[in-house]
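Below, each value reflects all heavy atoms present in this structure, side chains not excepted, and no hydrogens, waters or symmetry copies. Keep in mind that what you see is a predicted model, and the values were worked out from it rather than measured. Start at 1 with the first residue, then count along the sequence.
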Amino acid sequence: MALTPSTMLELGTTAPDFTLAAPDGSRFSLAEQTIDKGLLVIFMCNHCPYVIHIREQLVASIRRYQEQGITVVAINSNDYSVHPDDSPEKMVKDAETFDYSFPYLVDENQTVARAYRAACTPDLFLFDSDKKLVYRGQFDGARPGNDIPVSGADLTAAVQAMMGGKGVSTNQKPSMGCNIKWKPGNEPDYFD
């Protein structure tokens, strides 16, 4: 696993539109979604220790965000031909095991990850109701082995500020995790 920081996409960026399939074949089109209070786009996967470390608290936090009117979608952009634990079949199992309340989509050709400049798992992007980026960064400071409790404090503070009509602090720390597993030839210019 290569510890990789998020790219910290420029705040104010409009959420790139996409249409992706879930493992069951259902389709999710961002353009067709009604964004009530905000949008959270999460790049994640099944096997990454950084995702596994925060997963339970992330799922619980997402439920609270959804109750507040935030649309949430998770995207797996990893090359599962090389990392079979991230296959669509395993995505279905994880979604059932952890009771995901959000779509978990397959970015087969990795174009959505590139459009968002996603670099790691987890990589979190919070947009306001106009689909303008207000937060990109870490869930919290917890990492496998650092003994910081998983709380979701950073993302939750951003959600609360946005929902309260306050400006979200621009003092944001990058997410850290495993690099997205790019297919040969798909590596973006920001991937080392």
Seminar exercise, completed: Heavy-atom nearest pair, C178 first then C48, reads SG-SG, 3.1 Å

For this session: Determine, stepwise, if the pair S169 / N171 fulfils side chain to side chain donor-acceptor pair (under 3.5 Å).
Result: CA-CA 5 Å; S169 172; N171 183 15; 5.2 Å; no

Seminar exercise, completed: One should read off an interatomic distance between M176 CE and N146 CG, to the nearest 0.5 angstrom, of 11.0 Å

Exercise. Same cluster or not: are M44 and I52 linked, directly or through other Ile, Leu, Val, Met, Phe, Trp or Tyr residues, by side-chain heavy atoms under 4.5 angstrom apart?
Worked result: no

Seminar exercise, completed: Minimal heavy-atom distance between S175 and C120, with the atoms involved, is O-SG, 4.0 Å

Exercise. Does V92 belong to the same Ile/Leu/Val/Met/Phe/Trp/Tyr cluster as F98, with side-chain heavy atoms less than 4.5 Å apart forming each link?
Worked result: no

For this session: Find the distance between CG (N186) and CG (D79) and round it off to the nearest 0.5 Å.
Result: 8.5 Å

For this session: Check the pair F191 / T4 against side-chain contact (heavy atoms from CB on, under 4.5 Å), numbers first and verdict last.
Result: CA-CA 9 Å; F191 178 70; T4 302; 5.7 Å; no

Exercise. Would one find more than 12 heavy atoms of other residues, nucleotides or ligands at under 6.0 Å from atom CD of E56?
Worked result: no

Exercise. Less than 4.5 Å apart, any side-chain heavy atom of Q66 and any of S101?
Worked result: yes

Exercise. Between K93 and D85, is there a salt bridge with N-O shorter than 4.0 Å?
Worked result: no

Exercise. Which other residues end up in the same hydrophobic cluster as F28, if Ile, Leu, Val, Met, Phe, Trp and Tyr are linked when side-chain heavy atoms come under 4.5 Å apart?
Worked result: L9, L11, F18, L20, L30, I35, L39, V41, F43, V73, I75, L105, V112, Y116, F125, F127, L133

Problem set entry | Listed partners of S29 passing side-chain contact (heavy atoms from CB on, under 4.5 Å), at least two apart | T19, A31, E32

For this session: Please test Q68 against K37 for side-chain contact (heavy atoms from CB on, under 4.5 Å), starting from the C-alpha separation and ending with a verdict.
Result: CA-CA 7 Å; Q68 297 174 62; K37 303 288 186 180; 5.9 Å; no

For this session: State, without any angle test, whether K132 and T14 hold a side-chain donor-acceptor pair at a distance under 3.5 Å.
Result: yes

Problem set entry | Contact check, side chains of D99 and V59, non-hydrogen atoms, under 4.5 Å | no

For this session: Identify the heavy atoms of L3 and Y50 that sit nearest to each other, and give their distance.
Result: CD1-OH, 3.3 Å

Seminar exercise, completed: d(N46 CG, D86 CG) to nearest 0.5 Å is 5.0 Å

Exercise. Side chain of S26, backbone of A22: donor and acceptor closer than 3.5 Å?
Worked result: no

Exercise. Are side-chain N/O atoms of T111 and N109 paired as donor and acceptor at under 3.5 Å?
Worked result: yes

For this session: For the residue pair Y100 and Y104, categorise the inter-ring angle as parallel (less than 30°), tilted (30 to 60°) or perpendicular (more than 60°).
Result: perpendicular

For this session: Check whether any side-chain heavy atom of P122 lies under 4.5 Å from a side-chain heavy atom of I54, and answer yes or no.
Result: yes

Exercise. Shortest non-hydrogen contact from G137 to S6?
Worked result: CA-OG, 4.4 Å

Exercise. Measuring from T71:OG1 to Q33:CD, what's the distance to the nearest 0.5 Å?
Worked result: 6.5 Å

For this session: Write down the atom of A161, the atom of G167, and the distance for their closest heavy-atom approach.
Result: CB-O, 4.0 Å

For this session: Verify the cluster assignment for I180 and V82: are they in a single hydrophobic cluster under the rule of side-chain heavy atoms below 4.5 Å apart?
Result: no

For this session: Identify the two heavy atoms, one from D94 and one from R55, that lie closest to each other, and give their separation to 0.1 Å.
Result: OD2-NH1, 3.0 Å

For this session: Determine, for D107 against R114, whether the closest basic-nitrogen to carboxylate-oxygen distance falls under 4.0 angstrom.
Result: no

Exercise. In the single-linkage hydrophobic clustering (I, L, V, M, F, W, Y; side-chain heavy atoms under 4.5 Å), do Y135 and F139 co-cluster?
Worked result: yes

For this session: Would you mind checking if K183 and E108 are paired as a salt bridge, meaning a charged N to carboxylate O distance below 4.0 Å?
Result: yes

Exercise. Can you list the steps and then say if V150 with D140 is a side-chain contact (heavy atoms from CB on, under 4.5 Å)?
Worked result: CA-CA 7 Å; V150 179; D140 58 31; 3.7 Å; yes

For this session: State, with a plain yes or no, whether a side-chain heavy atom of M162 is found less than 4.5 Å away from one of I70.
Result: yes

For this session: Using the ring pair (Phe, Tyr, Trp, His ring centres under 6.0 Å) rule, collect all pairs that involve residues 59-94, keeping only residues at least two apart or in two chains.
Result: H47-H83

Exercise. Can you check whether I42 reaches I62 side chain to side chain, under 4.5 Å on heavy atoms?
Worked result: yes

For this session: Keeping the roles fixed (side chain from T121, backbone from C45), state whether a donor-acceptor pair exists under 3.5 Å.
Result: no

For this session: Calculate, to the nearest 0.5 Å, the distance between atoms OH and CZ belonging to Y190 and R117 respectively.
Result: 6.0 Å

Exercise. Which is it for R143 and H53 under the side-chain contact (heavy atoms from CB on, under 4.5 Å) test, yes or no, and what are the steps along the way?
Worked result: CA-CA 7 Å; R143 308 284 186 268; H53 187 68; 5.5 Å; no

Seminar exercise, completed: Between the CD atom in Q57 and the OG atom in S61, the distance rounded to the nearest 0.5 Å is 4.0 Å

Problem set entry | Backbone of A158 reached by a side-chain donor or acceptor of Q160 within 3.5 Å | no

